[in-house]
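Single-structure report; data block below.
Order of the sequence lines fixes the chain letters, A, B, ..., with proteins taken first and strands second; residue numbering starts at 1 for each chain.
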Amino acid sequence: MKSELKIFNTLSRKKEIFTPIKPPHVGLYVCGPTVYGDPHLGHARPAITFDILFRYLSTLGYKVRYVRNITDVGHLENDADEGEDKVAQKARLEELEPMEVVQYYTERYHTFMNALHVKSPSIEPRASGHIIEQLAIVEKILKEGFAYESNGSVYFDVERYNQEHQYGTLSGRVLEDLLSTTRQLEGQTEKKNSYDFALWKKATPSHIMRWPSRFSDGFPGWHLECTAMSARYLGETFDIHGGGMDLLFPHHECEIAQSTIAHGHGPARYWMHNNMITINGQKMGKSLGNFITLEEFFTGNHALIEKAYGPMTIRFFILQAHYRSTVDFSNDALMAAEKGLLRLMDGMAQLAKIKAGTSTTFDVEAFKNKCFEALNDDLNTPILIAHLFDAVRIINQSVSGQAHFTEKDLTSFTELLHLLVFDILGLAPPENSGSKSSETLDGVMHLVLDMRQQAKANKDWGTADQIRDALSALGIVVKDSKEGATWEIK
RNA sequence: GGUCGGUUGGCCGAGUGGCUAGGCAACGGUCUGCAAAACCGUCUACGGCGGUUCGAAUCCGCCACCGACCUCCA
């Protein structure tokens, strides 16, 4: 399938036409969650961003292998000697086996990603399952002379690397600057330079998660897993590497350095980074006290949230902003998004009610082109959604006879909208709307609305309004139209 | 301090050297028994100061403010 998909490549800081290495195959690697805590809003952004990419590439006819890792080892709490594996630290606090914690939060992550309609990746490898691959890379880099052993740990020699290659190409950093800006932490005497990073870390005695190696009983460095697992499942060169902007430096920079030594070149041709999420204009962070988990969002059980917001509202809200912009979560913005989504979904439901005519007053082909133009322009979902609202207007006009479609155009219009809204954007009507209700409820509602219709026919406005008001109190909105009444649970 | 990014109408949020973004809210109208929904219309904004240009919110410079990264982070 031909496409003019352009994506913003962080490497060049420009939009580039996407050309896969071996069409129709596309290799996509995205940094996944560290499963030591409940999934939060921050996890939703990259998951949804790259879900759209995954879905769209698939729509374009590519055979995508999407690899998104689960980090269950290796991320240090800090860079110092006494640093310990995040997972292990949490486990000790709760007196659980580390893998118990991993299991629990991995399942939580999956549950909430499913709720957000984030498709499962093709492969979801775990860092703990790839220690051998990671150690092999450590050996390779040591052999090439770009790493050194120190007190049971192995560090990447950034200075040496920078002599032959350029360190900082992705993030635009210069090594000399890093010298002055890198934090000096206690116990860094093992490292030659503060900017060197660990490939293998010797475990402290209290450290539960550890693996034997010829250097020490320890665990792999924080950046190594992605290098090892992406190479294993996608090859040493693959198409797209994605992740949050906060991972740009040092994580992705280090991946490039490791890969350059181990494989002779950087891992990916295109690097894509989604921007961060803010809460009321401020970065979300545990230390800032504005940390909101997805569960809290879905239940409304958080001080900063006025009400519960459904997964589709959050998905829609995120898609209403471009993935490279920050998106600010506030109650006003979320409520606006919720209503907007409802309007869009109403429109989709109305689509089936359009009666085909003898002529078409809407240029379906031009509309289609506009929509794909938006997607092709670095996944510009806000523009796509703006077009979709134009379509909603056309749909509503058609239902009331102010716009028309031929049978053929109506079919292609309907198919196009289903493709865009459901398949590519991955949206769906809110969980408890009329369309998804039980047959029993449908039957009851049909009866009730019939009775109201009877009352209206008899000009018994009191009864008609009583029915409407009582339903409204139950959260069921009655919508009258010339064709009769429909209903919807709010 | 270094690097990078942002500042758009009541709110959110796109975009671009001249041509309506879109959503939410508000207001007016049509429809309706009355409403709601829907439709039509109104609200015409781009931080400040200079500069380039026939023309800039869009390019350049300076200033102000905000934020991200530089430390685990999505």
Under 3.5 Å donor-acceptor pair, D480(A) side-chain atoms to rA35(B) base atoms: yes
Side-chain donor/acceptor of R468(A) to base of rC34(B), under 3.5 Å: yes
Residues D480(A), R452(A): salt bridge by 4.0 Å N-O rule: yes
SB check R343(A) D346(A) (cutoff 4.0 Å): no
Rounded distance in Å between the P positions of rC62(B) and rC4(B): 13 Å
Qualifying residue, where the test is salt bridge (charged side-chain N to carboxylate O under 4.0 Å, His left out) with D377(A) and the options are R324(A), K15(A), K370(A): K15(A)
Which part of the nucleic acid, if any, lies within reach of [X] when heavy atoms closer than 4.0 Å are counted: base, sugar-phosphate only, or nothing?
X       : result
R343(A) : sugar-phosphate
N396(A) : sugar-phosphate
S325(A) : sugar-phosphate
A333(A) : sugar-phosphate
G42(A)  : base
D465(A) : base
H387(A) : nothing
M245(A) : nothing
I277(A) : base
R45(A)  : nothing

S325(A) versus N275(A), side-chain donor and acceptor atoms under 3.5 Å: no
Send over the distance from [X] [atom1] to [N] [atom2], rounded to a whole Å.
X       : N       : atom1 : atom2 : value
F389(A) : rG22(B) : CZ    : C1'   : 7 Å
D460(A) : rG33(B) : CG    : C1'   : 12 Å
H322(A) : rU16(B) : NE2   : C1'   : 15 Å
L319(A) : rA14(B) : CG    : P     : 12 Å
F249(A) : rC4(B)  : CZ    : C1'   : 13 Å
L449(A) : rA37(B) : CG    : C1'   : 14 Å
L384(A) : rG13(B) : CG    : C1'   : 15 Å

W461(A) ring over rG33(B) six-membered base ring, under 5.5 Å and 30°: yes
Residue whose closest nucleotide on RNA chain B lies nearer the 5' end, K456(A) versus P250(A): K456(A)
Earlier contact from the 5' end, RNA chain B, for G243(A) and D377(A): D377(A)
Which one is paired to [N], where only Watson-Crick or G-U wobble pairs with both distances under 3.5 angstrom count?
N       : value
rC69(B) : rG2(B)
rC59(B) : rG51(B)
rG28(B) : rC40(B)
rA64(B) : rU7(B)
rA45(B) : none

Shortest side-chain distance from [X], nucleotide among [options]:
X       : options                   : result
I383(A) : rA14(B), rC39(B), rC24(B) : rA14(B)
V477(A) : rA36(B), rC39(B), rC70(B) : rA36(B)
R13(A)  : rC4(B), rA21(B), rA14(B)  : rC4(B)
M276(A) : rC24(B), rA74(B), rA37(B) : rA74(B)
T34(A)  : rG33(B), rA74(B), rG23(B) : rA74(B)
M284(A) : rA74(B), rC24(B), rC70(B) : rA74(B)
P382(A) : rA74(B), rG33(B), rG13(B) : rG13(B)

Phosphate OP1/OP2 of rA74(B): any T49(A) side-chain N/O under 4.0 Å: no
Parallel, tilted or perpendicular: ring planes of W271(A) versus H252(A), cut at 30 and 60 degrees: tilted
Aromatic plane relationship, H223(A) with H251(A) - under 30° parallel, 30 to 60° tilted, over 60° perpendicular: tilted
is_close_aromatic(Y233(A), H130(A)), centroid dist under 6.0 Å: yes
Ring centre gap for Y195(A) and Y167(A) strictly below 6.0 Å: no
